[in-house]
Protein chains: 2
Amino acid sequence: MLRLPGLIDPHVHLREPGAIHKEDFESGTAAALAGGFTAVLAMPNTDPPLTDALSLARAQAAARSKARCDYGLYLGGAEDNAPQVAGLAPSACGLKLYLDQTYGPLRLVETTAVWAHLRAWPKDRPLAAHAGGRSLAMVLLLAALEGRSVHVCHVSRREEILLIRAAKEKGLPVTCEVTPHHLFLTQADVPLLGSGRAEVRPRLATEQDRQALWENLKVVDCIATDHAPHTLAEKDGPQPPPGFPGLETALALMLTAVAEGRLSQEAMLRLMHSGPRCIFGLPEQEETWLEVDPDVQWEVRGEALQTRCRWSPFEGMRLRGRVRRVTLRGRLAFEDGEVLAPPGFGRDLSPAAREQRGGEGERGPT
Amino acid sequence: MLRLPGLIDPHVHLREPGAIHKEDFESGTAAALAGGFTAVLAMPNTDPPLTDALSLARAQAAARSKARCDYGLYLGGAEDNAPQVAGLAPSACGLKLYLDQTYGPLRLVETTAVWAHLRAWPKDRPLAAHAGGRSLAMVLLLAALEGRSVHVCHVSRREEILLIRAAKEKGLPVTCEVTPHHLFLTQADVPLLGSGRAEVRPRLATEQDRQALWENLKVVDCIATDHAPHTLAEKDGPQPPPGFPGLETALALMLTAVAEGRLSQEAMLRLMHSGPRCIFGLPEQEETWLEVDPDVQWEVRGEALQTRCRWSPFEGMRLRGRVRRVTLRGRLAFEDGEVLAPPGFGRDLSPAAREQRGGEGERGPT
């Protein structure tokens, strides 16, 4: 049995408030624990989006009573809320800026709006951007001009990872994540998945893009699932929304790659634990570990998953390695397919929430 | 009578080869002299575009026999010609990259294609980009990563001039130009002009954008006309192409602004002579000057212009200041409405052409 630290997923969509038929804090954090994640950072493109004190407070209340694992909540940048969200920074795990079109209403069009957020958001708090192509270049340039860091979400294309590599080589303070689905699937899988189920942003890319991600894994700072559940009825309907569930397959996909010699176990833990912990300044989760059987093979079946949407783009794939037990802060939270941590056990990892609880744990490596 | 140095326009479309019913090297350089320009740099989005040795050689031959004032020819960046055009750099005044959609077939979509040009094109030769919004950020970032200069064409919006200002303040080697039409016209003029005639790229912007250009004139390195003639039949037709003629109105518009106290005569000469000369490394044109009556008022009438398209977006405007005489390299080239320099008098200002002529003039202030 392999003992690993609790994994951290810096990019999940838990759909609460507004779309809890897809997922909520309870089912989403159950899926997290089943997948070996003891902390998840939840995106703000909910309904309503988390763009002000009231919407944040409501999501905090829901998460506090329902989350089974630890979590952070992102605030969302709108065209006109830069000073307001900056004032709420201590209560969030970071600010998310949507520079390209994706699911939900949050999107920044004007350069000046993006710039205003990069200026206003505290330099010592994480700022994450959904930004491909020219938008990626824009956020990197603005970050350089403002002398602040930026974290690039779900890098999917060769030209993007090469640009980030060059920016890092020049000393720009940029970090990035890639998703398992962009590491394991391509456009060639769209016919097998079906066009509706294959809808995801960024889109599945070319084999050349996929290879470039693997070849530049040293440039990548985190694996993020971008867990984005929608029901099968929605995915198979006339207007399929973009997004895949991913929390319960990520570790096994990466362990399979480790078994195949595509990356080391150390690299995997950098990408799924220490990398995200460092970038997002998260505290150590004391007495927290996973027990994983690295050799067991299993077949992905959507109906067996904890996520409310109960399907997977990796359906039918045989993977290697599975979580047997998760211990979170001294408590057995998951064992052999059963989630044991109750709703409300999860803790908000934001600086303000930690302060309120009396400053448990250290400050984290920011 | 005011004596001024010969003006330099770093951005004109002379439509040869491929659309000489709109303009050619003869009519376009006649318009230049009538407007006080003794050197013009011609854009490569002709038909065919200037993207290789053969297309360049043909345009050189046409210009050599027909141009009445001095000139340079830009090469155009295509998705796949970076090494080829770099090899032709000494024969061009610069490389033009189209990062956004405009008139003609040249457009770069992939980041990697733009990047390849910024890498391959010699660092000591000018590289100009049509790039607004996110594309502007992209070319600034890539230039910073490659440690090379970039010249931004026809800046038209507030967010763009502010981005360039910030980049300059950080020491990035960026220069830029603005057009008279973006300094003097806005979206509010579209109904007066008519929607077809008002078509131009970048589009006429808002009054706020226009004001931002004036307020940041110190950030601007050149006035460029972006002289882009189309016939009135085309502009008033069902698919009006974008572009305005501008060579014969630019100086009077700027002299009018000088008379109104909006900028100094020194600033005007920086923008229309020393700025473009410095950026494009052009030689001094010896024994070359304009005699200008700064007080005469005149009304713009398209039918009185030298440009073949014989219309102006400034039709009917009363302007102050007019060119009486142009002396180019010791020869009276224009006098009181009459172009006296014959076709073939103009010289190619590229390093290779100057070398071939025996290295006349100094190397220029690059």
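Every chain is numbered from 1, with letters handed out A, B, ... down the list of sequences.
For the atom pair Leu141(A) CG and Leu136(B) CG, the distance stands at 8.0 Å (nearest 0.5 Å).
A 4.5 Å side-chain heavy-atom check between Arg157(B) and Glu110(A) finds at least one atom pair inside the cut-off.
Counting heavy-atom pairs closer than 4.5 Å to chain A, the top residue among Glu146(B), Glu159(B), Met138(B) is Glu159(B). Note on Gly147(A), Ser135(A), Ala167(A): by heavy-atom pairs under 4.5 Å with chain B, the leading option is Ser135(A).
Residue contact with chain B, scored on non-hydrogen atoms closer than 4.5 Å, is absent for Val139(A). For Leu163(B), the parts lying under 4.5 angstrom from a heavy atom of chain A are both the backbone and the side chain. Of the two parts of Leu142(A), only the side chain, counted from C-beta on, holds a non-hydrogen atom closer than 4.5 Å to a non-hydrogen atom of chain B. Heavy atoms closer than 4.5 Å to chain A are found in both the backbone and the side chain of Ala166(B). Of the two parts of Leu172(B), only the side chain, counted from C-beta on, holds a non-hydrogen atom closer than 4.5 Å to a non-hydrogen atom of chain A.
Taking a 6.0 Å sphere around CD of Glu207(B), one finds it holds more than 12 heavy atoms contributed by other residues, nucleotides or ligands. For Lys218(B), the NZ atom sits in a loose shell: 12 or fewer heavy atoms of surrounding residues, nucleotides or ligands are nearer than 6.0 Å.
A distance-only check finds no donor-acceptor pair linking the side chain of Arg134(A) to the backbone of Thr111(B) [under 3.5 Å].
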